[in-house]
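Worksheet for the structure shown next.
Residue numbering restarts at 1 for every chain, and letters A, B, ... go by the order of the sequence lines. What you are looking at is a predicted structure, and each value in this text was computed from that prediction instead of being measured.
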Protein chains: 2
Amino acid sequence: MTTIRDVAALAGVSLGTVSRVLAGSPATSAESRQRVAAAVAQLGYLPNARAGSLRRAKTDVVGILISDVRNPFFAELAHAAEQEALRRGYVVMLANADEDAAQEQLYLRTFSAQRVDGVLMAPQSKDRVHLDRLIGTGLPVVFVDRVLPGLDVPSVTSDNVGGMRSALEYLVARGHRRIGYVGGPAPVSTAIDRLDAFVHLRAELGLPDDESLVQEGDFRAESGAAAVDRMLASGSAPTAVLAADGLMALGALAALRRHGVRDKIELMSFDDLAWFEELTPPVSAIANDATAMGREGMAALLDAVEGGRPVSVTVPTRLVDRRGAGS
Amino acid sequence: MTTIRDVAALAGVSLGTVSRVLAGSPATSAESRQRVAAAVAQLGYLPNARAGSLRRAKTDVVGILISDVRNPFFAELAHAAEQEALRRGYVVMLANADEDAAQEQLYLRTFSAQRVDGVLMAPQSKDRVHLDRLIGTGLPVVFVDRVLPGLDVPSVTSDNVGGMRSALEYLVARGHRRIGYVGGPAPVSTAIDRLDAFVHLRAELGLPDDESLVQEGDFRAESGAAAVDRMLASGSAPTAVLAADGLMALGALAALRRHGVRDKIELMSFDDLAWFEELTPPVSAIANDATAMGREGMAALLDAVEGGRPVSVTVPTRLVDRRGAGS
DNA sequence: CTGTTAGCGCTTTCAG
DNA sequence: CTGAAAGCGCTAACAG
């Protein structure tokens, strides 16, 4: 590998001058700039960012830790966050916790070892203690989509309560009263918020509160199918089912089809996927704005990295009506 | 941040001893190991990986450069590759070229600047020159899914020709002769291979070779819709349409529906997506094994990083028949 | 404006 | 088995 010394030697200037030219310092003569540029081009020199960051104590690298890239919602979110980071001159290390606490922790350690400048993450909940230590070291962290209560960390989340309200009002407007709910895994904040909102609003709207209508999944497709199986096995079937995320909606769809009630029981999803439109009948959804969450989450993180004190924000959801609220 | 000196001081040994203990060197006494471990625990010390890699000239970081995480195929591939890297003790920097040559180049430079140990990538084609220089520096590179011809780089690709043969034979078995094809962007190798195979096999099977039946897209949904629009506008509609990837299949589906011919024209996709099963009628597909490609691609890359000479492999495709080949 | 000189935190000889 | 010392490639004072 060619180093800055090689460039200096070839350009006939000192190593310090090369560094200054490369950093765009104004304290350089036109001639130096020109000689250095020539040498760099000739040698195909590319600065070693790791060496530089060691000295500067800043890496210009941020970590993104999400639960599953294969979940379209997170894929979109990660992509938007990455674009924002790139725009502001940072590179991203993307890691997948795979909905697994041990992997989450491993990656967090790795991020620390790499001395990333900040971490944008959707926490799995559980071990608040490790995260606490991490934040204690001064590493800027921002939560996105999910939060861990009791930690003083800025967050960008979606309006789970508002979204749930739109969803239930929509289903009620379509004539449903027995509404089943496929929730997410208990420890995750979005699962908690959505379930609480569901239970609360169900009472407010005077809907039956049969407990078999509420089933827990894990934000993966299979669990959505299993939840619907349990719901139907319980005897008194719902007339509509709301799944707490897109992947579980897919599983629920498969189960409804398998039970031969795809046309009888209406499905709705908290999270919108492009292909819902192509189904017969189509599936209405509450759209989470993954792009906005990724972009704003990263913006908040970089603000924190650069010394700011970002505030938590909530991103609104949007009802995507594919069946007509009155029909 | 606490450093290795702090640990040495607290443990009452020299800095070198701490380093050896941490590296698991056998040349350490039980007592040293024990004192160091205690000091590390007490200080919550985490080695600075960047400092270490500067000295070792190895980072244990590899880069993955794909065209679009939002494409489920690449999301799955990246995930599998990441798992394999993790298993072998490497961390991944994941970057998105966004089907954009400039971004691809920017990220490649970034990877070099970070001195990653290797790069797994799905090239966008075009500027072979930059890649050439990169490889010239000795950076191990492995292509996955796509290749750039004329470069001596190992690759893991899917069996595009075999897949295309299965697809066409399947459609013919279902009674189709006028088969439309929505191809990928011309410069991408998978697009070229699939198109060549399509044209070749169409002749071999004695199918009509009306040029309006072949339309070019860009591996994104909208382009699939536009391609179908053009196909239908040309007068003589096909009885079946084959899309060269899942995202374009989604777009094609929307267009067919919009034109009211969703039930008349059969759609097939080169790339399988879980929700194809939920459509009415369902969509048959050629499944690319993204998991295998990611895993094997990363395995090949790490072999190269560790001094091996991996060979290129082809991963078979699989026909997913959701309609019955004879019906 | 430029060269020289310390380190950043770690690994790795080299003696002992 | 262990300590001391020399860098890895770069940035950032500090004199000039």
Side-chain angles (χ1 to χ4, degrees), chain A residues 1-37 39-40 43-61 89 109-110 112-117 137-139, chain B residues 1-37 39-40 43-61 109-117 137-139:
Chain A
M1 273 283 78
T2 121
T3 78
I4 200 171
R5 315 185 80 91
D6 302 326
V7 176
L10 181 60
V13 297
S14 81
L15 172 169
T17 299
V18 177
S19 178
R20 276 183 290 259
V21 168
L22 260 27
S25 153
T28 50
S29 68
E31 172 162 8
S32 297
R33 281 193 292 266
Q34 131 86 9
R35 301 176 68 102
V36 168
V40 164
L43 294 170
Y45 168 72
L46 193 63
N48 182 328
R50 305 178 83 87
S53 69
L54 183 56
R55 189 59 231 256
R56 285 185 306 131
K58 178 144 190 306
T59 59
D60 297 321
V61 175
R109 289 184 68 83
T110 304
S112 307
Q114 295 290 338
R115 301 294 193 268
V116 298
D117 291 340
T137 69
L139 214 217
Chain B
M1 274 278 81
T2 121
T3 78
I4 200 171
R5 315 186 81 91
D6 303 325
V7 177
L10 181 61
V13 296
S14 82
L15 172 170
T17 298
V18 177
S19 178
R20 278 183 286 260
V21 168
L22 260 27
S25 154
T28 49
S29 68
E31 172 163 8
S32 297
R33 280 195 292 268
Q34 131 85 12
R35 301 177 67 102
V36 168
V40 164
L43 295 171
Y45 169 72
L46 192 64
N48 182 329
R50 306 178 83 88
S53 70
L54 183 57
R55 190 58 232 254
R56 284 183 307 129
K58 178 147 191 308
T59 58
D60 298 320
V61 176
R109 290 184 68 83
T110 304
F111 282 164
S112 307
Q114 296 291 337
R115 300 297 193 265
V116 298
D117 290 339
T137 69
L139 213 217

Quiz item: Under 4.0 Å between a side-chain N or O of A:Thr17 and OP1 or OP2 of C:dG3?
Solution: yes

Quiz item: So do the side chains of B:Leu22 and B:Val40 get within less than 4.5 Å of each other, counting heavy atoms only?
Solution: yes

Exercise. Report the distance from atom CD1 of A:Ile4 to atom P of D:dA12, rounded to the nearest whole Å.
Key: 11 Å

Quiz prompt | Contact nearer the 5' end of DNA chain C, comparing A:Arg20 with B:Thr3 | solution = A:Arg20

Quiz item: Taking only N and O in the side chain of B:Ser53, is any of them less than 4.0 Å away from OP1 or OP2 of D:dC8?
Solution: no

Quiz item: Rounding to a whole Å, what distance do you find between A:Asn48:CG and D:dG7:P?
Solution: 18 Å

Self-check item: Proximal nucleotide (of D:dG3, C:dC10, C:dG9) relative to the B:Ser14 side chain
Solution: D:dG3

Quiz item: Base, sugar-phosphate alone, or nothing: which one does A:Gly16 contact when heavy atoms must sit under 4.0 Å apart?
Solution: base

Exercise. Starting from C1' on C:dC10, measure out to CZ on B:Arg50 and report it in whole angstrom.
Key: 14 Å

Quiz item: Roughly, in whole Å, what's the span from CD in B:Gln114 to C1' in D:dC10?
Solution: 14 Å

Quiz item: Is there a side-chain contact between A:Gln114 and A:Arg50 (heavy atoms, below 4.5 Å)?
Solution: yes

Quiz item: Is the shortest side-chain N/O distance from A:Ser32 to OP1 or OP2 of C:dT2 below 4.0 Å?
Solution: yes

Quiz item: Can you tell me how far C1' of C:dT11 sits from CG of B:Asp60, to the nearest Å?
Solution: 13 Å

Practice problem: State, yes or no, whether a side-chain contact exists between A:Thr3 and A:Asn48 at a heavy-atom distance under 4.5 Å. | Solution: no

Quiz item: Expressed in angstrom and rounded to an integer, what is the separation of B:Arg5 atom CZ from C:dC10 atom C1'?
Solution: 10 Å

Practice problem: Please tell me which of the listed nucleotides, C:dC8, D:dC10, C:dT11, lies nearest to the side chain of A:Leu54? | Solution: C:dC8

Practice problem: Using the closest heavy atom to pick a nucleotide of DNA chain D for each, name whichever of A:Gly52 or B:Arg55 lands nearer the 5' end. | Solution: B:Arg55

Quiz item: Hey, does B:Ser19 reach any base, or is it just sugar-phosphate, or nothing, if we go heavy atoms under 4.0 Å?
Solution: base

Quiz item: Out of C:dT11, D:dG3, C:dG9, which nucleotide sits closest to the side chain of B:Leu15?
Solution: C:dT11

Quiz item: Roughly, in whole Å, what's the span from NZ in B:Lys58 to P in C:dC10?
Solution: 18 Å

Quiz item: In terms of side-chain heavy atoms, does A:Thr28 have a donor or acceptor partner in A:Arg33 at a distance below 3.5 Å?
Solution: yes

Quiz item: Roughly how many Å is it from CZ in B:Arg56 to C1' in C:dT13, rounded to a whole number?
Solution: 17 Å

Practice problem: Select from B:Ser29 and B:Arg115 the residue whose nearest nucleotide in DNA chain D is closer to the 5' end of that strand. | Solution: B:Ser29

Exercise. For the residue pair A:Ser29 and A:Ser32, confirm or rule out a side-chain donor-acceptor distance under 3.5 Å.
Key: yes

Quiz item: C:dT12, C:dT2, D:dG7: which one has an atom nearest the side-chain heavy atoms of A:Thr28?
Solution: C:dT2

